[in-house]
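Down below is the structure, laid out as structure tokens.
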Amino acid sequence: MFQTNKNGMFVELNKPYYYPGEGVTGNVYVNIQQAWGTRGIDCQIKTKEFIRYIERVKKPFKRQRKNPQTKKMETYTAYEYVNVERRDEKTLYKFSNLLTQCNGNIFNIGQYCYPFEFTIPPNLPGSFEYYDKDSSACITYTVKAKAISINNAKEMIKSENVIIVRQPYTNFNYPTNVNRNIQ
């Protein structure tokens with residue numbers, strides 16, 4: 001779980017999956033091998049949406065040709081189709097919570113456990129992933145814990161864990177009168 005002789009952190013979730021509107025619970029385990037200066041541990045839940053696809057676009061460009069009647073060079077517009085990659089990413093939901101503040105801004109040597117709990121808003125969609133050759137899309141939920149060093153803003157101890165959020169089951173009324181034509 002932790003590397004030896006190094007400060008480390010691990011995020012553990014209490015369940016393998018959750019539903020919108022449900023509380024996400026777990027623990028952040030911290031292993032401090034050398035005293036470390038930090039203000040505390042921040043824990044956040046984040047929902048991100050990502051999409052990437054290839055779109056075929058008609059692109060104009062200028063060409064020249066000799067007019068057979070006037071024998072002069074003329075400029076005209078020609079078109080070609082090119083593939084353009086489109087991508088977009090946005091954060092649907094983000095919530096942070098300070099789990100602990102360190103006395104004197106120092107984490108002393110030892111192992112620590114900090115419980116956390118977040119509630120997933122009921123209006124968020126479930127987790128989703130789709131990948132193929134020309135496109136991909138996903139909705140991901142992550143719980144991330146981090147402690148940033150006071151001495152060096154780039155130095156941090158962090159860990160994250162992906163949450164699977166399932167869509168709640170809804171009743172679907174199948175049609176009762178279905179005719180099937182077979183040819």
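Values reported hereafter were calculated over all heavy atoms of this structure, with side chains retained and with hydrogens, waters and symmetry mates removed.
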Contacts of Glu117 meeting side chain to side chain donor-acceptor pair (under 3.5 Å) (sequence neighbours excluded), chain-then-number -> none
With sequence neighbours excluded, what pairs up with Thr142 under the side chain to side chain donor-acceptor pair (under 3.5 Å) test? none
Please report the C-alpha distance between Lys46 and Lys144 in whole Å, then the side-chain angles of each, then the deciding distance to 0.1 Å, and finally whether the side chain to side chain contact (heavy atoms under 4.5 Å, CB included) criterion is met. CA-CA 8 Å; Lys46 191 177 199 179; Lys144 183 181 202 176; over 6 Å; no
Please check if atom CD in Gln101 has more than 12 non-hydrogen atoms from other residues, nucleotides or ligands closer than 6.0 Å. no
Counting only heavy atoms not in Phe50, do more than 12 fall under 6.0 Å of its CZ? yes
Counting only pairs under 3.5 Å, give me each side-chain donor-acceptor contact of residues 60-70, with atom names and distances, residues two or more places apart or in other chains.
unit_1: Lys62; atom_1: NZ; unit_2: Thr77; atom_2: OG1; d: 3.2
unit_1: Gln64; atom_1: NE2; unit_2: Thr75; atom_2: OG1; d: 3.4
unit_1: Asn67; atom_1: OD1; unit_2: Gln69; atom_2: N; d: 2.9
unit_1: Asn67; atom_1: ND2; unit_2: Glu74; atom_2: OE2; d: 2.6
unit_1: Thr70; atom_1: OG1; unit_2: Lys72; atom_2: N; d: 3.4

Contacts satisfying ring pair (Phe, Tyr, Trp, His ring centres under 6.0 Å) that involve residues 73-99 (not counting sequence neighbours) are Phe95-Phe118
Derivation of the side chain to side chain contact (heavy atoms under 4.5 Å, CB included) call for Asp88 and Arg86: CA-CA 7 Å; Asp88 192 21; Arg86 306 281 190 202; over 6 Å; no
The test is side chain to side chain contact (heavy atoms under 4.5 Å, CB included); show your working for Asn31 and Phe10 and say whether it passes. CA-CA 9 Å; Asn31 185 33; Phe10 179 74; over 6 Å; no
Do you know which two heavy atoms are closest between [X] and [Y], and how far apart they sit?
{"X": "Asp132", "Y": "Asp134", "answer": "OD1-N, 3.0 Å"}
{"X": "Pro20", "Y": "Pro121", "answer": "CB-O, 3.8 Å"}
{"X": "Asn7", "Y": "Gln33", "answer": "OD1-N, 2.7 Å"}
{"X": "Thr47", "Y": "Leu124", "answer": "OG1-CD1, 3.8 Å"}

Can you pull out every salt bridge (charged side-chain N to carboxylate O under 4.0 Å, His left out) where at least one residue sits in residues 7-34? Sequence neighbours excluded, please. Lys15-Glu22
In this structure, is the centre-to-centre distance between the rings of Tyr141 and Tyr18 below 6.0 Å? no
Taking Val165's backbone N and O only, do any of them form a donor-acceptor pair with Ser127's side chain (distance below 3.5 Å, no angle check)? yes
Donor-acceptor pairs under 3.5 Å, side chain of residues 156-164 to any protein atom, not counting sequence neighbours: which ones?
unit_1: Ser159; atom_1: OG; unit_2: Val11; atom_2: N; d: 3.3
unit_1: Asn161; atom_1: ND2; unit_2: Val11; atom_2: O; d: 3.1

